[in-house]
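Report on one structure; see the data block that follows.
Naming: A, B, ... by sequence-line order, numbering from 1 per chain.
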Number of protein chains: 2
Amino acid sequence: MQPIFERLKEKGLTLTPQRMAIVECLVGNTTHPTVDEIYSGIKERYPTMSKATVYSTLKVLKDLGEVQELSIRKRGEVCFDPIPGMHHHFMCSECGNVLDVTLACPEKCPILSVDTIDGHKINEIQAYLYGICSDCASKSA
Amino acid sequence: MQPIFERLKEKGLTLTPQRMAIVECLVGNTTHPTVDEIYSGIKERYPTMSKATVYSTLKVLKDLGEVQELSIRKRGEVCFDPIPGMHHHFMCSECGNVLDVTLACPEKCPILSVDTIDGHKINEIQAYLYGICSDCASKSA
DNA sequence: TTTGATGCAAACGGTTTGCACTTAT
DNA sequence: ATAAGTGCAAACCGTTTGCATCAAA
């Protein structure tokens, strides 16, 4: 836990208790939490925590490249991924949960190897797979 | 224009003037319009058109498989694509415009060829490329 | 006639903003 | 002392809903 705080401090982030709680909630979290999920999880131990602070901290962490905001909405809310680097995501159409996908395109895939498409410069790629997760599949069976 | 109306009718859609206007606006439209863009475009010629009707018609068309709702928000609003079949999308981080991407993954790409990932059944894939479109690039140069 | 579509307005809900207060430097 | 972060509430805005009206079958 320490190294990430040091890195954030080096990046110029003021480390308040609120921000540390939010970062702690995010580190190693693979559930792709929404603002409300982060807020609710922290509020139990930290009753004065405000949603506005969660919003503002996530924006700062996003600008620092520490967190990525996904394009998909998790049950209507923006959700976040603390894992850096490109990877894809699976969303269950039934329960709405978002999961990291380990399968990757081959490096030679044209969509990954080009940095320009139809004359437009590409900076980032996000792929989303939709379907039914194994939990929901076994429940309905 | 006629064949699509016939097809929609066969699918059980009641063809009202409002719905026809919305379909006309969508056919051949590659701008990935939002509800408000569709509504604004039609309202000039059709002053009583209501946004609620646009919402409800898009939902029906989506359920019929005639239109797909994209996962990305175009300047904060849901946007739609009348082109059937899988293809990818590019969004300009500057102007927010959404463009169809002609480049495709090879058929043998693992992410396309599997129908299950980590035990979860996959029904649909959407990929999004982010960057700066050529228009915005030349403007800032 | 009966069913369904329309359109207005109100409600909803996630996100943003303003501002007074508090905390870090 | 100054700058920055927090937290509450209000505002914002895209979307949904309720309901009376209207048109299609």
Heteroatom pairs (N/O) under 3.5 angstrom, protein to nucleotides 15-25 of chain D:
from	atom 1	to	atom 2	distance (Å)
D:dT15	OP1	B:V78	N	2.9
D:dT15	OP2	B:Y55	OH	2.7
D:dT15	O5'	B:Y55	OH	3.0

Do A:V35 and A:V78 have side chains that approach each other closer than 4.5 Å (heavy atoms only, starting at C-beta)?
no
**OP:** Could you check if a side-chain atom of A:P33 sits within less than 4.5 angstrom of a side-chain atom of A:L26, using non-hydrogen atoms only?
**Re:** yes
Here the ring-ring contact (aromatic ring centres under 6.0 Å, His included) pairs for residues 24-76 of chain B, sequence neighbours left out, are B:H32-B:H89
With a 3.5 Å distance limit and no angle check, can you tell me whether B:R19 reaches the backbone of B:T57 through a side-chain donor-acceptor pair? no
Contacts satisfying salt bridge (Lys or Arg N to Asp or Glu O under 4.0 Å) that involve residues 48-68 of chain A (not counting sequence neighbours) are A:R7-A:E66, A:K11-A:E66, A:D36-A:K51, A:K62-A:E69
Rounded to whole Å, CE of B:M49 lies from P of C:dG7 at a distance of 6 Å
Establish, with yes or no, whether the OP1 or OP2 oxygen of C:dG7 is under 4.0 angstrom from a side-chain nitrogen or oxygen of B:T53. yes
Please list every donor-acceptor pair under 3.5 Å in which a side-chain atom of residues 129-141 of chain A meets a protein atom from a residue at least two apart or in another chain.
from	atom 1	to	atom 2	distance (Å)
A:Y130	OH	B:S71	OG	2.1
A:S134	OG	B:H120	ND1	3.4
A:S138	OG	A:S134	O	3.2
A:S138	OG	A:D135	O	2.9
A:S140	OG	A:C136	O	3.3
A:S140	OG	A:A137	O	3.2

Residues pairing under salt bridge (Lys or Arg N to Asp or Glu O under 4.0 Å) where one sits in residues 75-88 of chain A, two or more places apart or in two chains, turn out to be A:E37-A:R75
In the structure I gave you, are the side-chain heavy atoms of B:T16 and B:T53 within less than 4.5 Å of one another anywhere? no
message: So, OP1 or OP2 of D:dG7: does either fall under 4.0 Å of a side-chain N or O from A:Q18?
response: yes
note: A:F80, atom CZ; C:dG14, atom P; distance rounded to Å ~ 14 Å
Residues in residues 39-48 of chain A with a heavy atom under 4.0 Å of DNA chain C, by number, are none
Taken to the nearest whole Å, CG/B:L58 to P/C:dT6 is 12 Å
Rounded to whole Å, CZ of B:R75 lies from P of D:dC13 at a distance of 16 Å
